[in-house]
A.B. asks: 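Below is a structure I'd like to ask you about.
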Amino acid sequence: KGLHYMIDYPDIGYTPTNFKALVEATQLSKKDFIDQFDLNRAMFFRHQQGQSTMSYQDWEDFRSKVELYIKQTHPKERG
């Protein structure tokens with residue numbers, strides 16, 4: 001398990017479960033998440049369903065970007 005910015009990731013690195021936890025932690029709808037992080041809609045759903053993967057470094061970069069967004073938009077939830 002990995003714990004980053006109060007998100008309890010069940011796995012290490014990118015997995016569909018970790019991706020889902022990250023999306024849910026933003027409290028954004030899927031559409032708003034896709035727009036906020038300038039994602040390709042099809043790739044979002046492939047990552048969510050485990051049909052596509054990302055390298056460990058790509059995951060860490062993406063996770064950090066999303067966690068920064070959470071930190072800036074949900075300051076009272078900071079640990």
Side-chain angles (χ1 to χ4, degrees):
K1 276 185 163 184
L3 185 64
H4 297 276
Y5 195 74
M6 302 309 292
I7 300 170
D8 189 10
Y9 295 102
D11 306 306
I12 294 174
Y14 161 80
T15 65
T17 306
N18 282 355
F19 188 82
K20 181 180 177 184
L22 189 64
V23 173
E24 288 177 354
T26 65
Q27 301 177 2
L28 293 171
S29 69
K30 291 174 185 174
K31 181 189 181 313
D32 289 343
F33 187 91
I34 290 166
D35 292 344
Q36 177 66 41
F37 298 103
D38 196 28
L39 299 175
N40 174 288
R41 186 177 183 277
M43 280 305 286
F44 171 87
F45 286 103
R46 284 199 291 269
H47 284 309
Q48 185 181 41
Q49 297 166 3
Q51 297 171 347
S52 185
T53 189
M54 60 179 80
S55 72
Y56 183 78
Q57 189 58 55
D58 288 345
W59 167 252
E60 288 298 301
D61 292 346
F62 183 67
R63 181 191 56 74
S64 294
K65 180 179 176 181
V66 175
E67 288 179 359
L68 179 61
Y69 167 83
I70 294 168
K71 183 177 179 181
Q72 293 172 340
T73 59
H74 302 89
K76 293 183 180 179
E77 296 174 24
R78 289 176 24 197

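Positions are given from 1 along the sequence.
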A.B. asks: What are the two closest heavy atoms between Pro16 and Gly50, and how far apart are they?
C.D. replies: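 So the minimum-distance heavy-atom pair works out to CG-CA, 3.4 Å.
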
A.B. asks: Looking at Lys71 and Glu67, is any side-chain nitrogen of the basic one under 4.0 Å from a carboxylate oxygen of the acidic one?
C.D. replies: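 Answer for the salt bridge query: no.
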
A.B. asks: Applying side-chain contact (heavy atoms from CB on, under 4.5 Å), name anything that partners Ser29, two or more places apart in sequence or on another chain.
C.D. replies: Lys31, Asp32

A.B. asks: When rounded to the nearest 0.5 angstrom, what is the spacing between CG in Leu22 and CD in Gln48?
C.D. replies: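 Spacing of CG (Leu22) from CD (Gln48) equals 11.5 Å.
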
A.B. asks: Please report the interatomic distance CD1(Ile70) to CD1(Ile7), rounded to the nearest 0.5 Å.
C.D. replies: 4.0 Å

A.B. asks: So, using side chain to side chain donor-acceptor pair (under 3.5 Å) as the criterion, who are the partners of Thr15 when residues are at least two apart?
C.D. replies: Asp11

A.B. asks: Check the pair Phe62, Tyr14 against ring-ring contact (aromatic ring centres under 6.0 Å, His included), reporting the backbone distance first and the verdict last.
C.D. replies: CA-CA 10 Å; Phe62 183 67; Tyr14 161 80; 9.4 Å; no

A.B. asks: Can you tell if the side chain of Tyr9 reaches within under 4.5 Å of the side chain of Arg63, non-hydrogen atoms only?
C.D. replies: yes

A.B. asks: Hey, quick one: are Val23 and Leu68 part of the same hydrophobic cluster, counting side-chain heavy atoms closer than 4.5 Å, chains of contacts allowed?
C.D. replies: no

A.B. asks: Which pairs with one or both residues in residues 36-58 pass salt bridge (Lys or Arg N to Asp or Glu O under 4.0 Å), sequence neighbours excluded?
C.D. replies: none

A.B. asks: In chain order, what residues pass the ring-ring contact (aromatic ring centres under 6.0 Å, His included) check against Tyr56, with sequence neighbours excluded?
C.D. replies: none

A.B. asks: Report yes or no: do Phe45 and Leu39 belong to one cluster of Ile/Leu/Val/Met/Phe/Trp/Tyr joined by side chain heavy-atom distances under 4.5 Å?
C.D. replies: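 Yes, same cluster.
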
A.B. asks: State which residues pass side chain to side chain donor-acceptor pair (under 3.5 Å) with Gln36; sequence neighbours excluded, sorted by chain then number.
C.D. replies: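 Here no residue qualifies.
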
A.B. asks: When you compare the side chain of Met43 with that of Ser52, does any pair of heavy atoms fall below 4.5 Å?
C.D. replies: yes

A.B. asks: Are Phe19 and Phe44 near enough that their ring centres are under 6.0 Å apart?
C.D. replies: yes

A.B. asks: Got a second to check how far Trp59's CH2 is from His47's NE2, nearest 0.5 Å?
C.D. replies: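 Spacing of CH2 (Trp59) from NE2 (His47) equals 9.5 Å.
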
A.B. asks: Going by side-chain contact (heavy atoms from CB on, under 4.5 Å), name the residues that satisfy it together with Lys20, two or more places apart in sequence or in a different chain.
C.D. replies: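 Checked Lys20 against side-chain contact (heavy atoms from CB on, under 4.5 Å); matches are Glu24.
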
